Amino acid sequence: MDSSKEVSLEIFPYIRVYKDGTFDRLAGFEIALPGLDPETRIESKDILILPDAGVSARIYRPSSASAATKLPLVVYFHGGAFIISSIADPKYHCSLNALVAECNVVLISIDYRRVPEHPLPAAYEDSWAALQWIASEEARCEPWLREHANFDRLFLVGDSGGANMSHHLAMRLRDDVLGERVKVSGIGMIQPYFWGETPIGVEVADPGRKAWVDSWWRFVCVSDKGCDDPLINPFADGAPGVEGLACEKVLVIVSEKDILRDRGRMYYEKLVESGGAAAAEFMEIEGVGHVFHIFDPSCEGAKRLFKRVASFVNSDGDDPKEEEAVQ
């Protein structure tokens, strides 16, 4: 980071932009290499899936996986406010090793192009292209996926901005011919990044944090609708809502101390009210903040979160838990 240059804008804790147009990311730029994790016994490797956009993915599998038993396939989208982090972020790599170990799944973590080099909707388009790749013969011929993944048990899971994209992917599948080939068994939304111009819930009493989160979105999305752009507010005027969400079930997980908490709860409540085919489940974890499980995947709250996701992806949906608070 260059302290000699004049700062134009700082979006904490993500990025510092200088008056000459250059910028420094403040976090999420570290690199962890794939391989065998000795603690969880999870293996990972990187593959290039979208050569034209330069988009890669990191595949995870249990080292004990056998070709005789196909495992659920989780397509994962990392968070970072569309600005920071990647599939190689050490925090995500550690967290996903723990998640895969608990869930006993094959997981493919999708990279996507980030703001400011690639303005939105580039991240959404990359994620859609990745889903198209998952439906392709090339994906089914990829050795780890071919040997271990059950493409008929496909889940979209993401945290923060990644959870946001999972929603939009499922809504797009509702209307696109790809939805005839890609059947999503469920969506796991971990502390989803939704927002809006008008404060709700805890936002009303915390205008400082409300303005702080406003600044994140206004930086990544130049829109005359501001924080009521349909990409960030699925319930704003003109947004499609959740009707017809193309999946069998949805799990929404929020954290008590997260400023985004009430947006996640609203999403769950709107999904229930819609009366759609997707069964809705909800979990609130007390005493923790946004993406706490990424920063400390070994804490008790993270372990509970991973167990709930494991139950979600491995159950047949006959007896879903509807709402739960965990201390």
Side-chain angles (χ1 to χ4, degrees), residues 27-51 53-80 84-114 123 126-127 129-131 133-134 136 138-151 153-163 165-166 188 190 291 293-299 302-303 305-307 309-310 312-314:
F29 47 77
E30 304 91 345
I31 298 295
L33 297 176
L36 175 63
D37 178 59
E39 182 176 347
T40 60
R41 308 302 299 174
I42 298 301
E43 296 177 309
S44 57
K45 68 175 181 179
D46 292 346
I47 61 171
L48 182 65
I49 61 172
L50 305 175
V55 172
S56 297
R58 180 164 292 187
I59 306 179
Y60 295 80
R61 69 174 182 182
S63 60
S64 60
S66 166
T69 302
K70 302 293 187 182
L71 303 176
L73 176 57
V74 172
V75 182
Y76 193 92
F77 303 96
H78 69 80
I84 65 167
S85 294
S86 70
I87 59 171
D89 185 325
K91 294 182 179 64
Y92 273 98
H93 183 63
C94 184
S95 179
L96 291 181
N97 277 325
L99 178 64
V100 172
E102 182 63 45
C103 294
N104 193 35
V105 297
V106 174
L107 183 147
I108 179 165
S109 177
I110 306 299
D111 230 350
Y112 50 83
R113 291 172 295 170
R114 300 167 299 176
D126 288 348
S127 299
L131 203 55
W133 183 86
I134 291 292
S136 71
E138 181 182 353
R140 292 177 181 270
C141 291
E142 198 290 319
W144 283 17
L145 299 182
R146 183 186 66 234
E147 293 170 11
H148 305 296
N150 182 351
F151 284 83
R153 292 281 294 162
L154 176 67
F155 291 83
L156 307 181
V157 180
D159 65 273
S160 195
M165 288 196 292
S166 295
I190 303 172
V291 297
H293 64 293
I294 301 297
F295 293 103
D296 187 4
S298 64
C299 73
K303 291 176 182 178
L305 186 155
F306 296 151
K307 286 183 182 296
V309 176
F312 180 73
V313 301
N314 287 295

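No experiment lies behind these values; they were computed from the predicted model shown.
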Heavy-atom nearest pair, I49 first then A130, reads CD1-CB, 3.9 Å

Looking only at heavy atoms, the pair that brings V313 and R153 closest together is O-NH2, 2.7 Å

Working note: H148 + Y60, criterion ring-ring contact (aromatic ring centres under 6.0 Å, His included); need CA distance, chi angles, decisive distance, verdict. CA-CA 11 Å; H148 305 296; Y60 295 80; over 10 Å; no

Assess the side chains of S298 and D296: does a donor N or O sit below 3.5 Å from an acceptor N or O? yes

Mark yes or no for whether S166, through its side chain, and G162, through its backbone, hold a donor-acceptor pair below 3.5 Å. yes

Who passes ring pair (Phe, Tyr, Trp, His ring centres under 6.0 Å) against F155, sequence neighbours left out? F312

Test: side chain to side chain donor-acceptor pair (under 3.5 Å). Region: residues 27-36. Which pairs qualify, not counting sequence neighbours? none

Do the side chains of I294 and D89 get nearer than 4.5 Å, heavy atoms only? no

Using the test ring pair (Phe, Tyr, Trp, His ring centres under 6.0 Å), find all partners of Y112 that sit at least two apart in sequence or belong to another chain. H78

Quick one: pull up OG1 in T40 and CD in E102 and give me the separation to the nearest 0.5 Å. 11.5 Å

Side chain proximity check, R41 to S64, heavy atoms < 4.5 angstrom: no

Sub-4.5 Å side-chain heavy-atom contact between S44 and I42: no

Is D126 reaching over with its side chain to a backbone N or O of D111, donor-acceptor style, under 3.5 angstrom? no

Which atom pair, heavy atoms only, marks the closest approach of L99 to F306? CD1-CD2, 3.6 Å

Side chains of Y76 and V105: does their closest heavy-atom pair fall under 4.5 Å? no

Evaluate the criterion side-chain contact (heavy atoms from CB on, under 4.5 Å) for residue pair W133 and V55; output intermediate values, then yes/no. CA-CA 11 Å; W133 183 86; V55 172; over 6 Å; no

Main-chain N/O of R146 paired with K70 side-chain donor or acceptor, under 3.5 Å: yes

Exercise: do Y92 and D159 side chains pair donor with acceptor under 3.5 Å: yes

Between P62 and L71, is any pair of side-chain heavy atoms under 4.5 Å apart? yes

Picking from I31, D46, I110, L96, what satisfies side chain to side chain contact (heavy atoms under 4.5 Å, CB included) with I87? D46

Answer whether the closest heavy-atom distance between the side chains of I59 and L145 falls below 4.5 Å. yes

Closest approach of S85 to R114 (non-hydrogen atoms, all atoms of both residues): O-NH1, 3.0 Å

